[in-house]
Every structure is written in C-alpha cells, then in structure tokens.
Amino acid sequence: MKVSVIGIGHVGLVTAACMAEWGHDVIGFDNDPAKITSVENRQVPFHEPGLRDLVLTGVDAGRITVTGDPSVALDDRDVVFICVGTPKGKDGAPNLTYVQAAAAMVATHATKPTVVAEKSTVPVQTGERIKQALGLQAKSTGGSTQHAVVSNPEFLREGSAVQDTLFPDRVVVGADGEAPHRIMRELYQPLLDGHDCPYVATDVKTAELIKHASNAFLATKISFINAVARVCEMTGADVHTVADAMGHDARIGRAFLNAGLGYGGSCFPKDVEAFIHIAADLGYDFGLLRETERINREAKLWPVVQLRRLLWNIGDKEVAVLGLAFKPHTDDIREAPALEVIESLIEEGTQVRLHDPVALPQVADRWGDKVRLCETAEEAVRGAHAVVTCTEWPEYAEITAPQLAEWLEFPVVVDARNVWDPEGLVAVGIQLASVGRRMP
Ligand code: UGA
C-alpha cells in the first residue's frame with residue numbers, strides 16, 4: 001500500500017521503517033530539513049538501536065523516500081500517519097497545533113481520499129478535531145472532503161522501538177466505519193501474518209483513551225514501587241525482592257516495578273499531566289494520577305537527599321554522575337531525572353563530573369565549567385567524593401565493587417537505579433544508598 005508518514009522523529013521514522021519492512025511504499029515527510037538530510041546521508045537523526053539498518057534496508061529496496069515537499073508526500077497515498085510532536089502546552093494540556101497543521105496539510109495536498117491515522121499521543125476526542133480541521137481546510141482549498149480519520153496509537157519504547165513495533169503486544173485501531181477499518185487491517189496484515197498478537201478494532205475515542213490509559217497506568221506502577229521503596233528504606237525490607245514476588249502474580253506482572261529515581265522521557269511526564277488535564281476538563285478529578293506525579297517528583301530529589309546524608313555538606317565536593325539519558329539505549333534527555341539531579345548539585349555549588357555513553361553531545365555547552373563531561377565512567381569516578389547512578393546503562397553494572405572503592409576519593413555511592421548489588425559494595429567498605437534495597 002502507499003503510505004505517508006508526517007513527522008519522522010522517534011515515532012515517525014520507526015513507523016516508516018517498519019511499514020517498509022512489511023512491504024509498503026513509504027514516504028516520510030518532515031519540515032525540519034536536518035532530519036531529511038540525515039536520512040538522505042544514510043544516517044538517522046537520533047540514537048535508536050537497529051533503526052539505521054532498517055531504514056537503509058527500506059531505502060535501498062526503494063520502499064522509503066523522504067521529502068520536505070508536502071505535495072510529494074501526499075501524492076496518491078492510501079494511508080497518512082500523523083506522527084508530529086504534541087508538546088506540553090499551557091497548564092499541562094498538550095499543544096496540538098502541529099497535529100492541526102498536519103491535518104491542514106493533508107486537506108490541502110492529498111490527491112485522493114485517504115485514511116488519516118493519528119499516531120501522535122493525543123487527548124481523547126482529537127479525532128473529531130482532526131476531522132473538523134480537514135473539513136475546514138478542504139472548504140478553503142477545494143480539496144477532498146472524503147478522508148477518514150482513525151486512531152492507531154503506538155506503544156513503542158525508545159531504546160527498543162524497532163523490536164516493539166515489529167513484534168508488538170497488540171495493534172490498536174480505532175475507526176468509525178467499516179471502510180477505514182478494512183484499509184488499516186490490510187496495512188497491518190503482513191505484521192499479523194508473521195506475528196501472533198491481538199488486533200483490537202474499536203472506535204476512535206476508545207483507541208485514543210487506550211493510549212493515555214496505558215501510559216498513565218505504567219507511570220502509576222513506577223510511582224507505586226517507588227513509594228514501596230520508601231517504606232522498605234524505613235523498615236529494612238528489600239524492594240527488589242518485594243517486586244519479584246509481586247511479579248510472580250500473573251495479575252500484577254514484574255515489568256515496570258523497578259524502583260529508581262522516577263520516570264522521565266518525552267511520554268510519561270507529559271501524558272500523565274495531559275490525562276489529568278483532559279479528565280479535569282471533562283469534569284473528573286483524577287487524583288490518583290496527581291499522586292503518581294507527586295511521588296515521581298519526590299523520587300527525583302532522592303539522590304541529592306542521600307548525598308547530603310552521606311557527605312553532610314555537598315557544595316565543596318566533587319560528585320560523579322553516571323548516566324544522563326532518561327533511560328538506557330537512547331540519547332534522549334527530555335525530562336531525564338539526571339537533569340534535575342545535576343541542576344540541584346550545581347545550585348549547591350557541587351562540582352559535577354558527568355558520563356553517559358551516548359547522550360553527552362546533548363549538553364555540550366549547557367553548564368560550562370560547572371560540569372566536566374567525561375569520556376569514560378572511570379574518568380568521572382576516579383577522585384570523586386561520591387558517585388550517583390542516574391541511568392542503568394549495562395556497562396555501569398560491569399564496574400566492580402573493588403574498582404569503585406579504589407577509584408573514589410570517599411567511599412560513597414548513591415545507586416539511584418539499583419545497578420549494583422549492595423552486598424558487594426558494603427563488603428569493600430562502601431557507604432551505600434540504594435533505592436529501597438536491604439542493606440547487608
Ligand atoms: C513509554 C511507554 O513504555 C511506551 O509503551 C509508549 O509507546 C511510549 O512511552 C510513548 O508514549 O511514546 P518510553 O518513554 O520510551 O516509552 O520509555 P519507558 O521504557 O516506558 O520508560 C519511561 C521511564 O520510566 C524511564 O525514565 C524509565 O527509566 C522509567 N522506568 C521504567 C522506571 O523508573 N522503572 C521501571 O520499572 C520502568
């Protein structure tokens with residue numbers, strides 16, 4: 001089928017590459033020339049494991065092209081995905097201007113009636129707004145009024161986006177009418193032929209809600225285990241064992257029960273806030289989610305509280321921060337908890353040494369000489385008075401307890417991602433703060 005993807009960021013480019021993998025003819029559009037040039041130069045504009053190879057496979061097979069020209073992007077397309085950003089707007093409500101602009105672009109340039117699929121995370125009822133925008137623009141430009149609007153939320157995680165899209169847990173499509181459902185089913189058939197997963201066909205509003213409800217639930221799961229971690233710290237119980245045992249119950253599941261310094265990224269913080277806002281607009285006070293947010297805000301402060309406990313004054317100390325990205329396997333630092341930790345330290349006057357295997361270029365000129373950017377974890381830790389882990393990159397787990405003890409000036413570790421086993425660290429004389437872990 002002939003597919004267009006408007007917006008080739010984290011979601012759009014992965015969508016484009018996977019659609020091409022399933023044999024579709026895909027055009028990626030973006031109004032950021034840097035993103036277009038990057039793909040034309042056989043690169044991808046951000047770090048995402050496996051994505052470059054998949055994009056290049058599609059490009060070399062002639063199934064993916066990219067363009068900044070809307071009339072090229074929307075020529076003779078069966079399905080057009082809207083994958084533009086929905087940044088946080090005023091009062092936590094998502095800013096949907098880019099979605100509206102994408103709809104207007106379809107209405108103006110599409111050369112035939114098409115299925116407009118919203119993939120950007122949007123509030124319930126946005127489908128109706130898209131339909132309205134398509135109609136208004138068509139009247140003004142004389143374009144088709146026959147486009148259908150469907151909601152097709154994505155559930156990919158950064159860092160494993162390609163795997164999550166090629167082998168999803170479910171495909172959700174919301175459409176009002178049989179014809180768009182038929183087209184979307186045909187689009188996903190190559191995926192469904194090779195991978196056994198539920199295909200949830202529903203109406204547009206339900207599909208929109210599935211996305212917000214899923215993200216809000218996962219964020220709440222994280223805040224729940226972080227709250228349990230606080231109680232573990234007060235009682236000497238072990239949150240890791242609690243989470244494992246809870247996870248054995250199939251009704252609960254172990255995933256997303258890793259206590260740490262809170263959720264970050266471009267999705268959970270924004271989506272939880274947006275969901276609270278949407279519900280309030282509709283007349284419902286989603287207090288549970290406000291509490292999820294409060295616990296998350298507290299979790300991000302935990303490392304600095306622990307540093308003060310273990311070091312007393314921290315303004316005259318040097319602290320190594322390991323990990324900047326909001327999670328491993330990405331260079332994305334949007335709403336990364338590490339940013340809050342680093343900025344609190346800078347405010348105290350603490351000298352920071354920062355390491356991250358891929359995300360450092362994102363902060364090249366951000367903090368001047370207050371933060372030393374280090375090429376290796378060892379460079380950051382050697383001679384520091386303490387180390388804080390903010391992202392659980394696998395390479396940090398390989399640093400041994402004796403190495404930490406040797407490298408550090410003071411034997412102080414604040415393991416905000418529970419990267420290391422407490423027993424090993426305590427055995428070599430390290431004073432350790434772990435999130436909710438039982439101390440030996
Ligand atoms: C999230 C969802 O997991 C995806 O299903 C969804 O498609 C995506 O948002 C989106 O809406 O686009 P993502 O933000 O890429 O994906 O990353 P996650 O793996 O969900 O992690 C989010 C944050 O939660 C990270 O900061 C991570 O460190 C934190 N987290 C995750 C924990 O603190 N504990 C956990 O047990 C799991």
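Indexing begins at 1, ligand by ligand and atom by atom, following the structure's order. From a predicted model like this one, the values you see are computed outputs, not experimental measurements. We count residues from 1, following the sequence as given.
Closest of all the heavy-atom pairs between I222 and Y263 is CD1-CB, 4.0 Å. Taking every heavy atom of both residues into account, K211 and P153 meet most closely at CB-CB, 3.6 Å.
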List the atom pairs, donor and acceptor, that lie under 3.5 Å between side-chain atoms in residues 354-366 and the rest of the protein, sequence neighbours left out.
| from | atom 1 | to | atom 2 | distance (Å) |
| --- | --- | --- | --- | --- |
| H355 | ND1 | Y396 | OH | 2.7 |
| H355 | NE2 | E375 | O | 3.4 |
| D356 | OD1 | V358 | N | 2.9 |
| D356 | OD1 | A359 | N | 2.8 |
| D356 | OD2 | L324 | N | 2.7 |
| D356 | OD2 | A325 | N | 3.0 |
| D356 | OD2 | W393 | NE1 | 3.0 |
| Q362 | NE2 | D331 | O | 3.3 |
| Q362 | NE2 | D331 | OD2 | 3.4 |

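The salt bridge (Lys or Arg N to Asp or Glu O under 4.0 Å) analysis of residues 261-279, with sequence neighbours excluded, yields the pairs K88-E273. Sorted by first and then second residue, the salt bridge (Lys or Arg N to Asp or Glu O under 4.0 Å) pairs with a member in residues 185-205 read E128-K205; sequence neighbours excluded.
For the pair R170 and F155, the cation-pi criterion (under 6.0 Å, within 45° of the ring axis) is fulfilled.
Ligand 1 lies under 4.0 Å from heavy atoms of E154, F155, L156, R157, E158, K211, N215, I222, F256, L257, N258, G262, Y263, G264, C267, F268, D271, F326, K327, R417.
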